[in-house]
There are 2 protein chains.
Amino acid sequence: MTRRLPPLNALRAFEAAGRHLSFTKAAEELTVTQAAISHQVKALEDHLDTDLFIRMPRHLELSKAGKILLPVVTKAFDRIGNSVAQLNRNLASSALTVRLAPSFTAKWLSPRLDDFRKQFPQVDLSLTLSNDPVDFRRQPIDLAVTYGKGNWRGVLAERLLAIDFFPVCSPGYLRTVENLAEVADLERCTLLHDTNRKSWADWLALAGADTVNADRGTIVDDTNVLIQAAIDGLGIALGSSLFVADHLAAGRLVRPFDTIMHSDYAYYIVTTKQHLKRPEVADFKAWLLSQSTMATLESQPR
Amino acid sequence: MTRRLPPLNALRAFEAAGRHLSFTKAAEELTVTQAAISHQVKALEDHLDTDLFIRMPRHLELSKAGKILLPVVTKAFDRIGNSVAQLNRNLASSALTVRLAPSFTAKWLSPRLDDFRKQFPQVDLSLTLSNDPVDFRRQPIDLAVTYGKGNWRGVLAERLLAIDFFPVCSPGYLRTVENLAEVADLERCTLLHDTNRKSWADWLALAGADTVNADRGTIVDDTNVLIQAAIDGLGIALGSSLFVADHLAAGRLVRPFDTIMHSDYAYYIVTTKQHLKRPEVADFKAWLLSQSTMATLESQPR
DNA sequence: GGTTAGCATTAGTTTTACTAATGCATAGTA
DNA sequence: TACTATGCATTAGTAAAACTAATGCTAACC
């Protein structure tokens, strides 16, 4: 870690000066004298060992360094300012705050959410999308749906959806790769990977084709984008029922091989004992589980 | 504006304390005494008029307000820290920095970029995607491709791609809406809008159906998402050749009506005289224009 | 060629931030 | 139960940072 921040008050003076392109106006905004801004900017320039402004008589410009720094600092301060301004509102709200894996939300949760809103109209849901791990001690989050192996410490994790893997590609791609009869023939295909290249290696081992090199192909970091790439005929991806069932049904994707890998990975409901005491958290969790039970009753097309 | 920021040094103390969940460790990180952190956090709590921590003997927790504030402040400081750390690297680089409209990039630029890289392998391209207006005096940007009417002041704007509008929907949607014969029948359809609801009103007026109420339907703020919504059968969108040509060709979309609106809007190349003096900026601009000339030679399927 | 806008500089003052010492509460331990 | 260690709070005094007021400097503007 050891983040090395410049003097913060100097940053504030610089930010105002850069925004106004004027020390005098910045001084007005911060209700100090022009000399104060001049001092602070000078101090920041000394600290960074770069000029931030190009001083011309009666006219101020940002230097290249200033142009790089200004938007970053402005945005950072804006975010803090907004957060502070909304603090009281957020404190007052009793919203149920849920952090979700983006791909899961797009494919599974979104079409079901209306049902939750109908069943629990009084619950004010606030959703945030992120793959980051949740820290219930440092983030205002009541419950999360996270992709992983369920081996997190200090939290309650319950499996929501298991993920299985099998190869999929577009019918068009299948035609371009001639004689894709055996698993070993995958050697001639472009493999599309999700985040890390682990899954393909595992699947190939399961299918008895560990001679095929799994360290090739393209990495795409969002599951839905990965599947779209397969649909667009860029190669063969490892899909799971959750994400490809409708594409298989519509004929946009096909399964060149039958082997299904039952992986350790799944989408988990993650929360804490403490948070579960809030009835709306418990309700949402129960609702999620009820939805997943219904989902498994649907037949999955090959 | 008048953003009201809390004392910044107090924020820094709070952020470190929240991250460590310990005043003592925060003090170590900032190389001050524990008392200093205690003072600063107190001052911030007084300023915000809320507790940020729950103090327990030998154990520190974040209050709800603390949990709301901490991630925001941590991210903000991280960004500033990263930006500062990379300042020298970015100052040294001679990269061509280009700001692009995201939808334009996905559909038009991406497939062509390889060609630029082949023609100008020595140019180190740095792309940022945003619909925000560019301020060449405050942002380190050499050139932008922006959607608008080209009437910006203090910049050079040259039209790259004109945008025409016509209704599109999925073949499936067309079947669900019976007897969609006349423009007036749009009254019975879901209209999908881009950002503001202006375009539909203009098109309806052009098509002679100003009786149809254009203030209905769904707003989607990214063009590609909008088009996807139309493909998914959610309603009728106003598409333009650039974004729907391939979907029309593949039969995923159809045109229920012929009327094409030639709008004032277009994608413009925006830069300044000053920036054009850099040869790589001039090269990139010339390349963009050459690509657009080639594009117009392609026939657009109905 | 005088006037003015706007940043810089200097010296002195005010405000903020910090330290050192100590207090207080309690979890862990014998 | 008493003893020890941990960790934040408080108080009083000190050091450092930030600020002001006055003035200087430069070149654009008329």
Side-chain angles (χ1 to χ4, degrees), chain A residues 4-63 65-67 69-70 73 77 137-138 154, chain B residues 4-63 65-67 69-70 73 77 137-138 154:
Chain A
R4 198 121 205 90
L5 285 179
L8 294 172
N9 292 328
L11 268 185
R12 170 163 47 190
F14 158 72
E15 194 273 335
R19 202 149 27 76
H20 293 294
L21 291 180
S22 156
F23 285 17
T24 308
K25 282 185 192 149
E28 279 169 30
E29 176 180 318
L30 302 179
T31 51
V32 294
T33 58
Q34 170 268 126
I37 303 293
S38 176
H39 283 308
Q40 292 287 29
V41 170
K42 187 83 200 334
L44 186 58
E45 290 179 324
D46 287 350
H47 177 95
L48 298 175
D49 200 23
T50 333
D51 281 356
L52 294 169
F53 290 100
I54 303 166
R55 279 92 161 164
M56 323 235 274
R58 314 182 51 154
H59 174 64
L60 195 63
E61 271 182 38
L62 280 159
S63 72
K67 280 186 187 174
L69 207 53
L70 181 69
V73 178
F77 284 173
R137 291 184 308 165
R138 292 184 182 79
Chain B
R4 198 117 207 92
L5 285 179
L8 295 172
N9 293 327
L11 269 185
R12 170 164 48 191
F14 158 71
E15 194 272 336
R19 204 151 22 79
H20 293 294
L21 291 178
S22 157
F23 285 17
T24 309
K25 282 186 192 147
E28 279 169 30
E29 176 180 317
L30 302 179
T31 51
V32 293
T33 58
Q34 171 268 124
I37 303 293
S38 175
H39 282 308
Q40 292 286 32
V41 170
K42 187 83 199 333
L44 186 58
E45 290 178 324
D46 287 350
H47 177 95
L48 298 174
D49 201 23
T50 333
D51 281 355
L52 295 169
F53 290 101
I54 302 165
R55 278 92 161 163
M56 322 236 274
R58 314 184 48 155
H59 174 64
L60 195 62
E61 270 182 40
L62 280 160
S63 72
K67 280 186 187 175
L69 207 53
L70 181 70
V73 179
F77 285 173
R137 290 185 307 166
R138 292 184 182 79

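Below, each value reflects all heavy atoms present in this structure, side chains not excepted, and no hydrogens, waters or symmetry copies. So you know, we letter chains A, B, ... as the sequences are listed, proteins then strands, and number each from 1.
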Checking B:H59 now: which residues fulfil side chain to side chain donor-acceptor pair (under 3.5 Å) with it, not counting sequence neighbours?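 Result, side chain to side chain donor-acceptor pair (under 3.5 Å) vs B:H59: B:E61.
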
List the residues meeting side chain to side chain donor-acceptor pair (under 3.5 Å) with B:H20, not counting sequence neighbours, and say none if there are none.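 So B:H20 forms a side chain to side chain donor-acceptor pair (under 3.5 Å) with B:E29.
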
Show every ring pair (Phe, Tyr, Trp, His ring centres under 6.0 Å) that has at least one partner inside residues 26-45 of chain B, sequence neighbours left out.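 Every candidate ring pair (Phe, Tyr, Trp, His ring centres under 6.0 Å) pair involving residues 26-45 of chain B fails, so no pair, neighbours aside, qualifies.
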
Between the first and last five pairs of the helix from C:dG1-D:dC30 to C:dA30-D:dT1, the angle of the axes, rounded to 10 degrees: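 It comes to 30° between the two terminal axes.
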
I'd like to check the side-chain contact (heavy atoms from CB on, under 4.5 Å) partners of [X]; sequence neighbours left out, ordered by chain and number.
X: A:R55; result: A:F23, A:V41, A:E45, A:F53, A:L60
X: B:E28; result: B:T24
X: A:A13; result: A:I37, A:Q40

May I have the distance from B:I54 (atom CD1) to D:dA9 (atom C1'), rounded to whole angstrom?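 Nearest whole value for this atom pair: 17 Å.
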
Check the distance between C:dC18's P and B:E28's CD and give it to me in whole angstrom.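 Answer to the nearest Å: 16 Å.
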
Of all of residues 35-44 of chain B, which get a heavy atom below 4.0 angstrom from DNA chain D, listed by number?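 When residues 35-44 of chain B is checked for heavy atoms under 4.0 Å from DNA chain D, the hits, listed by number, are B:A35, B:S38, B:H39.
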
Quick check for you: among [options], whose closest atom lies nearest to any side-chain atom of [X]?
X: A:T33; options: D:dC8, D:dT20, C:dC7; answer: D:dT20
X: B:V32; options: C:dC7, C:dC18, D:dA9; answer: C:dC18
X: B:Q34; options: D:dC8, C:dC7, D:dA18; answer: D:dC8

Listed partners of A:K42 passing salt bridge (charged side-chain N to carboxylate O under 4.0 Å, His left out), at least two apart: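 Partners of A:K42 under the salt bridge (charged side-chain N to carboxylate O under 4.0 Å, His left out) test: A:D46.
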
Run the salt bridge (charged side-chain N to carboxylate O under 4.0 Å, His left out) test against B:R12 and tell me which residues pass, sequence neighbours left out.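 Scan of B:R12 (salt bridge (charged side-chain N to carboxylate O under 4.0 Å, His left out), adjacent residues dropped) gives none.
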
Of B:H59 and A:L8, whose nearest nucleotide on DNA chain D comes first from the 5' end?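 Closer to the 5' end of DNA chain D: B:H59.
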
Within the structure shown, what part of the strands sits under 4.0 Å from A:T24 by heavy-atom distance: base, sugar-phosphate, or nothing?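 Sugar-phosphate, no base atom in range.
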
I need a per-nucleotide contact map over nucleotides 24-30 of chain D, read 5' to 3'. Cutoff is protein heavy atoms under 4.0 Å; write B for the base, S for backbone only, - otherwise. ---SBS-

4.5 Å side-chain heavy-atom contact, A:L8 and B:L11: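 No - every pair of side-chain heavy atoms lies 4.5 Å or more apart.
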
